[in-house]
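Input: a single structure, listed below in structure tokens.
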Amino acid sequence: MGSRSPGVSFKLVLLGDGRVGKTSLVLRYVNNIFSDKQEATVQASYLTKRLVVEGVPITLSIWDTAGQEKFHALGPIYYRDADAALLVYDITDSDTFVRVTKWVKELKQMASKDIVMAIAANKSDLVRLKNIETQEAVSYAESIGASLFVTSAKAGTGIDDVFSDIAKRLLEKRKNSADGLSPPQPKKGILIVDDEPEKEPPPKCCS
Amino acid sequence: MMRWGSSGQAADSFYQVRPDCSQNVPSTRFKIKVGKTLSVRKWHAAFTREGCLDIASVLSRIQRGGVHPAIRGEVWEFLLGCYDPESTFDEREQIRHRRRMQYARWKEECREMDSHVGSGKIVTAPIITEDGVPIKDPLVLLEAASDTQATSTSSSGAEVSDSPNRVMDKKIIEWKLTLHQIENLSKLWDILAVYAWIDKEVGYCQGMSDLCSPMIVLLNDEADAFWCFERLMRRLRGNFRCTQQSVGVENQLQHLASIIQVLDPKLHDHLETLGGGDYLFAFRMFMVLFRRELSFGDSLYLWEMMWALEYDPDIFSTYDEAGVATHKIEGFKPKVKSIRQFGKYERENMKNGANDGDGPVPISVFLVASVLKENGPKLLQEARGIDDVIRILNNINGDLDAQRACAVALKLHKKYLKKLQGKKT
């Protein structure tokens, strides 16, 4: 796997309602640009970002998906093998937060592995007056083992934090599994009996 | 590559790019070619004194070299079935007048429900709750009527209004709930808002703006642009009827799968092994008709070639009979037309009886097939997972050759029909 680039690579998928700013977040993060007139994503687009966490070079393959509810059926093809999900909602629109909770539910049920999650409360630049009410969102994030970051793709705030949080946790997880589980051990209680001679070699080499 | 001699005139200058968007705009390959492109002179010469159009001569030009940008809007109105080529100038003027009035009425109806419609402003946050309670002070983006883009946002914490003006009509709530999802250019926003109101089954779906924006560029009058878009949606609205479980383009994806299976079984097997047997990775090409794979100028060129190739002279009457926003009625043929009045692709289908059964396969399926075929070696060599497939196809970004794609699509179509015939006998 890691032959394409040095270090470790992870697949990150962005999920969230339409027009909450997923593409803008990614474009701000990867290319440091922002457009007021960002066109809607149809299907999904793909970007990579290289970063170094604790001395380890990491490549994030970022999948930015189309958010509108109508495209919901496309979700699985992107989160299927994802290592992490960044769930984005629009801080000015509570419905988009509800959508995040729906995605989380679906991810927990459907995603193939224990996926690392973070939540971005985007468009913080639009809320001028009151301090941003994220209490509910913060405790929700805690309850699912994710952190919540208040972001603004327009102002460029909070974005590096959320991505590096994901990267750090991914790395940690990879380390832990590398310490304890590799080479993959058989589950407890299952005894592999090696008495039969090998009938045929495994059909494919898939190292 | 520069070619000498018949290189033709570049067409990019006809479409202005906003200065703030000039970065990363792919350049257009389309060239206005003498003797191939439908010229202004040839177009005007194709009308009789009363205004009946010799559609056959027009089609043959468009299929070879597209339409001169100066007349694109008016030509498209015929290609998309807004008007019948056999009608007169006067008849069309009446229809145009009637339609403009109709659009104005619909827009007014929408404006009465929500005053942002037609105001030059657009909403970017919900204006209503699902129970129909208006949200006070939604985020509204002011878009100056001119192109100076003096945007300012009036914002505050969105609050649910205390006023008793709760909306009870479910249809209106549904419509209002879609408004803040529409993309943010005021004319585009107005047209899509009105469309969402008259075609409630489809409403608004991301990608529709890609299809609508060229109409606004080509047709000065907002109502005329709306009607061109509405006719285009007749062909494509099925694509936008997605549900939680399925996407609207499924039918076309299935056709695509069987075409690739017949024409390039190796590629099909490879894609299937990678978990792409559903061909969902080709979704975007169908949804926005290659708008993202081509430069702006080239997508216009590709579209007009497609519509010319698919042209059915009864398109106007079928749409007109069917009323607003319903599917084309299959098998409805009011008058016998000469074969020359049909597009080349359509003729091929008629010859082979390929229009029977589920109806014709749109040419877009063969265009996607041509893109896959062209990228076949790369897909076979480099794609190790479905992610790679999507990445390779995404990288086409603005780089597809419309002329070539069309030529290859027609070849594949012929080959496919031949193979099917071979199977039948």
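- Residue A/D17 does not touch chain B at all, counting heavy-atom pairs closer than 4.5 Å.
- Between the side chain of B/E130 and the main chain of A/D95, no donor-acceptor pair closer than 3.5 Å is present.
- Heavy atoms only, all atoms of each residue included: B/N394 and A/S45 are closest at ND2-CA, 3.4 Å.
- The CE atom of B/M287 sits 8.0 Å away from atom NZ of A/K70, with the distance rounded to the nearest 0.5 Å.
- One distance of note links CZ of B/R284 with OG1 of A/T41; it measures 9.0 Å at 0.5 Å rounding.
- Side-chain contact between A/Y46 and B/I390 is absent, with no heavy-atom pair separated by less than 4.5 Å.
- Rounding to the nearest 0.5 angstrom, the gap separating the OG1 atom in A/T92 from the CD1 atom in B/I135 is 9.5 Å.
- Using a 4.5 Å cut-off between heavy atoms, A/S35 does not touch chain B at all.
- What you find for A/A40 and B/R292 is that their closest heavy atoms are O-NH2, 2.6 Å.
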Exercise for review: Carefully, step by step, assess B/D387 and A/W63 under the rule side-chain contact (heavy atoms from CB on, under 4.5 Å).
Suggested key: CA-CA 9 Å; B/D387 286 7; A/W63 285 94; 3.6 Å; yes
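- At distances below 3.5 Å, at least one donor-acceptor pair connects side-chain atoms of A/Q68 with backbone N or O atoms of B/Q206.
- Separating the CG atom in B/D278 from the CD1 atom in A/I77 is a distance of 6.5 Å, to the nearest 0.5 Å.
- Between B/I386 and A/R80, some side-chain heavy-atom pair lies under the 4.5 Å cut-off.
- Around atom NZ of A/K105, no more than 12 heavy atoms belonging to other residues, nucleotides or ligands sit under 6.0 Å away.
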